[in-house]
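First the structure, in the form of structure tokens, and then the observations on it.
On a predicted model such as this, the values are computed, not experimentally measured, just so you know. Any value given below was found using the heavy atoms of this structure, including those in side chains, with hydrogens, waters and symmetry copies removed. A note on names: the letters A, B, ... follow the listed sequences, proteins ahead of strands, and every chain is numbered from 1.
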Amino acid sequence: MLTLSSLAVSTSTILVLLAFVAALSGLVGRRRSATTRHTAGVPALVLASAGGPGQQAPAGVLDEPGSTDATLPSRPTTGWYAAALAHLALAVLTVGLVTRAVAVGHGPFANQHEFAVSFAWGLLLALAWTRWRHQADGLTVAVLPLALGMLLYAATVSATPNPLVPALQHNLLLTVHVLAAVIAYGAAGVACAAALLSLGRPVLVRLGWVGAPAPARLDELGYRAVAVAFPLMTVMLILGSVWAERAWGTYWSWDPKETAALLTWLVYGGYLHARVVRGWRGRRAAWLLVVGFVAVLFTYFGNLFLGGMHSYA
Amino acid sequence: MTMSHAVARSPLGVIWRFLTSKVTAIGLILTLGVLTLLGTLFPQLPDSARGNSMATAAWLDGIRPRFGDATDWLARMQVFGVFHSLTFTTTAAVLGLSTLACTLNRTPALWRQVARPPLHPSGHLLDQIHHSRRVVVATDPASVTASVAAHLRGRYHLVTTSTAEATDLYAVRHRFAPLATLVAHAGIVLVLAAAAVTGQVAFRDSEVAIVVGERHAVGHDTRLVIEAASFTDSYTEAGTPLDYASDLKLLADGRPVARATVRVNEPLRYDDIAIYQSFYGVAAVLQVSDPTGTTLFDGGVPLKWGAEDGIHTVGLLDLPLPGEQLAVVSTVSGKRDPLLRAGQVQIVTYRGGAETDRRVISTGVATDVGGLRVTFLRERQFTGLTVARDPGSLWVWWGAALLLVGMTITFSMRPRRLWVRITAHPSGSQVHVVTPARTTPTDADLHDPDSATLDELIRALTPASVETLPDPALIRK
């Protein structure tokens, strides 16, 4: 079972790599395609299927990679291949995590390797959800490197399963508490990807990426991802407190991992208030999303250098 | 909530405006974030050393090699005690007050929105209008009104109708959802208040060490006594603890009231007292008597502190003599010290904090140390427990539940509102439908339930024509 799990994780890593290459080549292809159309004297912002020649497409539709490929409906695009490979990677990684859980007898969240793989799974899941819910293909190229990074990191740390230390021996809380973190962090990664694309958009456009999603759309996608991530982070913190009270006799002990998670929650809380109440949009909001994901990574990797009561993980 | 000019300029008014300012709230959140970052990056003084100047000094000496000359300055700046510093607690308290003030400040407006919804979009609502469609249908206005109302009610909207020169319908789904943000913020206030209560009235003894077979009085006016009946532990092949558990008896006024096997994640709860498995180790069973032969101590001394050399463990015993203490030093299992072999312990005696004598003694051999006669009988296990009573925790959980419920509703059940105006038209009726914006205007292609509801309604009316209006002010009353 463990062998099957390892195989699935390795396969998924390769699939994510291929998906990323496909997404990148899609950008290059779109650049060439746009250049060709411009030189042929055809306006780039024309959507043949949107109501006849010459009709202006609704704002935002053409901002998505792949949307101009509506003119080539009979042939799948590289963007389509990237998404398909990412979805396949998600499916294979799910198999890998389930088989590992069966093999070790608990949720696959007990050490750095298992959580790194789960983190990648959360990123791919959040990407799939965003694509399904908002048809946001443009984020694929920015989310996949994050997932790939996590999978490559997982490959560098020991995958040997060890028996759970007594503090972790609570299957229900281990599963729900960490699963909430995994999905929250995945959604936070998608928000960060949207922010990075928003911040890097001027450069990308200057380089010729005509399909770069519109800033307002990226801003909205980032917000919607945080609207998923933030409640889940709250669930994670509350369940962590419930568990801490049960295992350590106090719901909060200012342990470095706890405080790092609180810091992350405060950053996203600040972002939501700044955006909703103060109307922060664009670059300022995007930078907060980047800071938020840095806080997520700090919380995750904090086990390696912060010590404290979570240092077993 | 509006204030008169005079009230607004009074000190209370200034405080109220400060507390209800969104800039204040965001500033406090970010300040708390920065302080939390500091507390995460710098080591924090453990609870066991807090309030004990000797233990604090020893702890600071331990981190001095890392921070060098800056250690004492950082300590004075409370960098090693961020979460108990005045700055942090004040910021958290003001944030709690700000959250409470903002919640109270927003309540009337949100309640008005829910209880007395605007039957016509006006004022700031017009600025939020995003979708605006006008259709003509070949049916009389009364039939159209009935159809529209039935359609929307079938989609879980609450429909309110008013008729003047035209028929206006206001439909809302998730009507009470706007109040959820108040629930979430009330939850935060409750958590902070409960945490403050915890700090004042709770107790938490985290270093209760009981030698197997012995008893420990809980204290704190509880009349409870814990007896450690037995202790078991198991390990992996690599020596990592796999499980450790204590069989505990709880007695009240000498009568047994509870008995349980306590392990990590399985505490013993009795009334509002909870007993948690925390740590464990080896105790040295000693007999100590004074020169007259009077027994001063007969029991186990838990060796619950590790020495800095990593080889020895230490236990401390307060003797029933003024200022007299005795320390027991043993070698950690699996480690070797040629001067302290198996079956031996070192006894160090103190008077008024100053060392008076030290001797290595062997099992069963009565030895004079610092004017005391000490006999090391055997080793025995002790169990380390945390005993706590926290009446604030229940309110923390209630606050957390409110926070979670409020937040979930806020993010997943946003209110969906539509305004419909139906007027007579030469061909039948003219129906004008508007919905407020949920997204920025350029995000028309993002998933938008309001837009979907509107489109569904328009389709259901099977109109002859559909006109998308750029100016929602056309239906301004």
Is any side-chain heavy atom of [X] closer than 4.5 Å to a side-chain heavy atom of [Y]?
X	Y	result
B/Leu403	A/Thr234	yes
A/Asn162	B/Thr240	no
B/Ser206	A/Trp248	no
A/Arg278	B/Val23	yes

(message) Does the plane of the ring in A/Tyr223 sit parallel, tilted or perpendicular to the ring in B/Phe411? Use 30° and 60° as the thresholds.
(response) tilted
Against chain B, label [X] side chain, backbone, both or neither, depending on which of its atoms sit under 4.5 Å from a heavy atom there.
X	result
A/Val228	neither
A/Leu237	neither
A/Trp252	neither
A/Ser241	both
A/Val235	both

Less than 4.5 Å to any heavy atom of chain A: does that hold for the side chain of [X], its backbone, both, or neither?
X	result
B/Ala195	both
B/Ala400	both
B/Leu385	neither

(request) Mind listing the closest non-hydrogen atom pair of A/Pro163 and B/Thr236 along with its distance? (result) CG-CG2, 3.6 Å
(message) For a quick test of reading the model, state the closest non-hydrogen atom pair linking B/Ala194 to A/Tyr251 and the distance between them.
(response) O-OH, 4.3 Å
(message) With a 6.0 Å cut-off on the ring centroids, do A/Trp254 and B/Phe88 count as close?
(response) yes
(request) Count the heavy-atom pairs under 4.5 Å between each of A/Val242, A/Leu164, A/Val267 and chain B, then report the option with the highest count. (result) A/Val242
(message) Looking only at heavy atoms and a cut-off of under 4.5 Å, which of A/Gly249, A/Ala227, A/Ala247 has the most pairs with chain B?
(response) A/Gly249
Highest number of heavy-atom pairs under 4.5 Å with chain A: which of [options]?
options	result
B/Ile275, B/Leu37, B/Val387, B/Thr408	B/Leu37
B/Val82, B/Val191, B/Val396	B/Val396
B/Thr36, B/Asn265, B/Thr40, B/Ile29	B/Asn265
B/Thr386, B/Leu28, B/Leu404	B/Leu404

Going from [atom1] on [X] to [atom2] on [Y], what distance comes out if it is rounded to the nearest 0.5 angstrom?
X	Y	atom1	atom2	value
A/Ile238	B/Met407	CD1	CE	7.5 Å
B/Glu266	A/Arg246	CD	CZ	7.0 Å
A/Thr259	B/Leu35	OG1	CG	12.0 Å

(request) Could you check A/Phe298 against B/Leu41 for side chain to side chain contact (heavy atoms under 4.5 Å, CB included), going step by step and ending with a plain yes or no? (result) CA-CA 10 Å; A/Phe298 175 72; B/Leu41 292 175; 3.6 Å; yes
Within a 6.0 Å radius of atom [atom1] on [X], are there more than 12 heavy atoms belonging to other residues, nucleotides or ligands?
X	atom1	value
B/Arg204	CZ	yes
A/Trp287	CH2	no
B/Trp395	CH2	no

(request) Applying side chain to side chain contact (heavy atoms under 4.5 Å, CB included) between A/Leu266 and each of B/Thr31, B/Val34, B/Leu32, report the one that passes. (result) B/Leu32
(message) Checking the side chain of B/Asp243 only, and the main-chain atoms of A/Pro166 only, is there a donor and an acceptor separated by less than 3.5 Å?
(response) no
(request) Using modelled atom types only, decide if a donor and an acceptor are shared between the side chain of B/Asp390 and the backbone of A/Thr250 within a distance under 3.5 Å. (result) no
(message) Closer than 4.0 angstrom, basic N to acidic O: yes or no for A/Glu245 and B/Arg269?
(response) yes
(request) Decide side chain to side chain contact (heavy atoms under 4.5 Å, CB included) for B/Val264 and A/His170; before the verdict, give the C-alpha distance in whole Å, the side-chain angles of both, and the deciding distance to 0.1 Å. (result) CA-CA 9 Å; B/Val264 182; A/His170 196 298; over 6 Å; no
